[in-house]
Structures are given as C-alpha cells and as structure tokens.
Peer 1: 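I have a structure I would like to understand better, so I am pasting it below and will then ask my questions one at a time.
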Amino acid sequence: MVNFSLKGKIALVTGASYGIGFALASAFAKAGAKIVFNDIKADLVARGLAAYDAEGIKAYGYVCDVTDENEVNAMVARIEEEVGVIDILVNNAGIIKRIPMLEMSATDFRQVIDVDLNAPFILSKAVLPGMIKKGHGKIINICSMMSELGRETVSAYAAAKGGLKMLTRNIASEYGEYNIQCNGIGPGYIATPQTAPLREIQSDGSRHPFDQFIIAKTPAARWGTPEDLMGPAVFLASEASNFVNGHILYVDGGILAYIGKQP
C-alpha cells in the first residue's frame, strides 16, 4: 500500500505566511502533518497564523531571518522544544531581483545568493542532526526552471537556483544512508497575486505580452496554480518517495520539454 500520509509528522516550511509556501503547508496539514513556519517580520507571521486559522489549520509561527545562522539554530531549538523534532523541511523562502547583470551591484547579487542558496544550506544543516537521530527525514528545496535555464535580468536568481539544485544532490549524496531524502521542486510560472499584473487583460482586450509568451511556451497552455504543486510536495514529503533522492521534480506544464511553436 502506497503511503502518502503525513500523520504525526512535523513540517517546517520557510516563508510560508502566504503564496506557494502557504499552499504547500496547507497540503501537508490536510495530509496529517503538524505545521511550523517562519517569516522575517512579526506582522507577516501574524498574517500567516490568521490565514492558517481561517483554513482550520493549527500552525506554529516563528520570526526568523533564514540567512542568520544563529537565528536559525535558535528557532530550530525552540521548535524541537515546543513542537517536536522536524521530520520535513521545505526551503521555500526566496527573493528575486530582476536587474540586468551590468546594472546589478555585487551587494544585490550577494543578497539573492544569501536568501536563495545560503539559507537552505543553513536550514538543512540545522535540521539534519535531528533527522539523523530519528532515522528519517525529508528536505524539499524549492528550485526553479532557472535551475536549468538562463533568462535576461535574473543572473543572481539563476545562479542561486542552479546552486540549490546541486546542494539538493549533495545533501542526498551525503545523508541518504541515514534514510534522509533531499529533493527539489521546480515550479513553472505560477498564477499568484505577485504575478497577477503580468496576466492582466490589456485595454485593447489582448493578453499581456508576458502572458502571451508564457502561454506560447507552455504545452499545457496555461499558468500553473499553487494547487498544482500540492500533490508533488506531499509525494516528496511522504513515505511514497523513500527511494527518490537527489531528484528535481519540475512542475512546469511541460515548458522544459518543449522547444516552442514554429512562428
């Protein structure tokens, strides 16, 4: 019998006050997991707690800067004391700065690398000892199509997500013998409030140019939704994926498999 249940598991999803992180945590909760999340500001944590409560989900929220190793270690210690040892970690927190490379400062570049690559290293390092002691664990890194492809204005993001893909494989390589699986999810273009302006119908009734571009490049001919990521995430967090390790699961409607239509 395939076991997709997360009953009794404790899942930490970083940056999960809203958006994709919130959707994944909600899916875990419906599969039986106890949800823990963080955000960088107290008001965002409060917003997240209210959103989970509205969905009937009991969640535990912590204020923590995921790029600060001391803060992360303190948060994980508190979670272990107040909730329990973490079984599932989702490194979801991330940022993007869309700036042409020649105009991007090294400071901006480093900030993206710090949040999108260094933070998953710091979080994973903090939870691995508990997982080793338990004899099992799941780490899911939110990668990107930019783990595979380049694109204008996202040099730092692509560099970070490419590095995150390799960090995923290395964690799998180092800690697989402890029954710990580390995999990634690479979302395609997802319809969220943040991407809503790119999907607005124009004054002449046409699609936004970027919307047209995405639809043309996606065999599914649509944007993804946060719900499209829920099943893959539950699979990678559950015992159903116990022999899947170091894999990046792209949930992109087929973009990476597709050369595009002939003009």
Side-chain angles (χ1 to χ4, degrees), residues 6 9-28 33 35-40 44-45 48 59 61-69 71-73 75-76 79 85-96 111-131 137-147 156-176 180-187 190 226 229-230 232-238 241 244-251:
L6 302 181
K9 304 296 185 184
I10 297 169
L12 168 60
V13 185
T14 66
S17 296
Y18 58 91
I20 289 173
F22 178 83
L24 300 186
S26 298
F28 291 164
I35 302 305
V36 181
F37 73 98
N38 84 290
D39 224 310
I40 195 167
L44 290 174
V45 172
Y62 295 84
V63 178
C64 179
D65 178 352
V66 291
T67 68
D68 187 315
E69 189 167 15
E71 284 194 29
V72 167
N73 288 339
M75 178 183 70
V76 169
I79 292 168
V85 176
I86 295 161
D87 299 286
I88 302 158
L89 166 66
V90 181
N91 283 309
N92 167 75
I95 62 171
I96 187 169
Q111 184 186 10
V112 175
I113 298 294
D114 208 19
V115 176
D116 293 356
L117 180 56
N118 291 342
F121 165 77
I122 291 168
L123 263 297
S124 299
K125 183 181 172 186
V127 304
L128 277 165
M131 291 179 173
K138 303 281 185 174
I139 297 175
I140 302 171
N141 292 321
I142 303 303
C143 294
S144 167
M145 289 188 301
M146 299 302 107
S147 297
Y157 185 79
K161 293 299 186 178
L164 186 58
K165 173 182 71 175
M166 294 312 300
L167 177 64
T168 300
R169 292 175 176 173
N170 209 78
I171 292 171
S173 300
E174 280 198 69
Y175 299 102
I180 293 168
Q181 292 82 48
C182 181
N183 294 291
I185 292 178
I190 305 298
L229 301 170
M230 290 179 169
V234 170
F235 164 66
L236 291 178
S238 73
S241 62
V244 179
N245 213 357
H247 178 72
I248 314 299
L249 175 54
Y250 291 100
V251 186

Peer 1: Hey, what do you get for CD (Gln181) to CD1 (Ile171), rounding to the nearest 0.5 Å?
Peer 2: 12.5 Å

Peer 1: Side chain of Asp87, backbone of Ile10: donor and acceptor closer than 3.5 Å?
Peer 2: yes

Peer 1: Can you find a pair of side-chain heavy atoms, one from Val112 and one from Ile96, that are under 4.5 Å apart?
Peer 2: no

Peer 1: Do the side chains of Ile139 and Asn91 get nearer than 4.5 Å, heavy atoms only?
Peer 2: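 Touching, per the 4.5 Å side-chain cut-off.
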
Peer 1: Could you walk me through whether Met75 and Leu123 satisfy the side chain to side chain contact (heavy atoms under 4.5 Å, CB included) test, starting with their C-alpha distance in whole Å, then the side-chain angles of each, then the deciding distance to 0.1 Å, before giving a yes or no?
Peer 2: CA-CA 10 Å; Met75 178 183 70; Leu123 263 297; 4.1 Å; yes

Peer 1: Atom CD of Glu174 and atom CD1 of Ile180: how far apart are they, to the nearest 0.5 Å?
Peer 2: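 Between Glu174 CD and Ile180 CD1, I get 11.0 Å after rounding to 0.5 Å.
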
Peer 1: Of the options Asn183, Asp116, Thr168, Asn92, which is the one that meets Asn141 in a side chain to side chain donor-acceptor pair (under 3.5 Å)?
Peer 2: Thr168

Peer 1: Can you list everything that forms a salt bridge (charged side-chain N to carboxylate O under 4.0 Å, His left out) with Asp114? Sequence neighbours excluded, please.
Peer 2: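 In terms of salt bridge (charged side-chain N to carboxylate O under 4.0 Å, His left out), with neighbours along the sequence ignored, Asp114 is linked to no residue.
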
Peer 1: Going by heavy atoms in the side chains, are Val45 and Phe37 under 4.5 Å from each other?
Peer 2: yes

Peer 1: Could you tell me whether the side chain of Val76 reaches within less than 4.5 Å of the side chain of Val127, counting heavy atoms only?
Peer 2: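 They are in side-chain contact.
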
Peer 1: What are the two closest non-hydrogen atoms of Gly184 and Cys143, and how far apart are they?
Peer 2: CA-SG, 4.3 Å

Peer 1: Ignoring hydrogens, what is the shortest heavy-atom contact between Gly246 and Ala172? Give both atom names and the distance.
Peer 2: N-CB, 3.4 Å

Peer 1: Measuring from Ile142:CD1 to Ile185:CD1, what's the distance to the nearest 0.5 Å?
Peer 2: 4.5 Å

Peer 1: Looking at every non-hydrogen atom in both residues, tell me the closest pair between Leu24 and Ala233 and how far apart they are.
Peer 2: CD2-CB, 3.7 Å

Peer 1: Keeping Ser238 on the side-chain end and Leu6 on the backbone end, is there a donor-acceptor pair under 3.5 Å?
Peer 2: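 The answer is no, because no donor-acceptor pair under 3.5 Å joins these two groups.
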
Peer 1: Measuring from Met230:CE to Ile20:CD1, what's the distance to the nearest 0.5 Å?
Peer 2: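 If I round to the nearest 0.5 Å, the distance is 11.0 Å.
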
Peer 1: Between Leu89 and Met131, what is the shortest heavy-atom contact and its length?
Peer 2: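 Looks like N-CE, 4.1 Å.
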
Peer 1: Look up atom SG in Cys182 and atom NZ in Lys138, then write down how far apart they are to the nearest 0.5 Å.
Peer 2: 11.0 Å

Peer 1: Tell me the closest heavy-atom pair linking Ser17 and Asp39, and the distance in Å.
Peer 2: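 That closest heavy-atom pairing would be OG-OD2, 2.8 Å.
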
Peer 1: Taking ring-ring contact (aromatic ring centres under 6.0 Å, His included) as the definition, give me every residue that meets it alongside Phe22, ordered by chain and number, with sequence neighbours left out.
Peer 2: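 Phe22 satisfies ring-ring contact (aromatic ring centres under 6.0 Å, His included) with Tyr52 once adjacent residues are dropped.
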
Peer 1: Report yes or no: does Ser241 contribute a side-chain atom to a donor-acceptor pair with the main-chain N or O of Phe235 at less than 3.5 Å?
Peer 2: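 Judged by distance alone, yes, a pair lies under 3.5 Å.
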
Peer 1: Tell me every residue that passes side chain to side chain donor-acceptor pair (under 3.5 Å) with Ser144, counting only those two or more places apart in sequence or in another chain.
Peer 2: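 If we apply the side chain to side chain donor-acceptor pair (under 3.5 Å) test to Ser144, skipping adjacent residues, there are no hits.
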
Peer 1: Distance from Ile140 atom CD1 to Ile248 atom CD1, nearest 0.5 Å?
Peer 2: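 Spacing of CD1 (Ile140) from CD1 (Ile248) equals 11.0 Å.
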
Peer 1: Between Asn73 (side chain only) and Glu69 (backbone N and O only), is there a donor and an acceptor less than 3.5 Å apart?
Peer 2: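 Yes.
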
Peer 1: Taking atom CZ of Phe121 as the centre, does the number of heavy atoms from other residues, nucleotides or ligands within less than 6.0 Å exceed 12?
Peer 2: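 No - once you tally the heavy atoms of other residues, nucleotides and ligands closer than 6.0 Å, there are 12 at most.
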
Peer 1: If every non-hydrogen atom of Cys64 is compared with every non-hydrogen atom of Asn38, which pair is closest and at what distance?
Peer 2: O-ND2, 3.0 Å

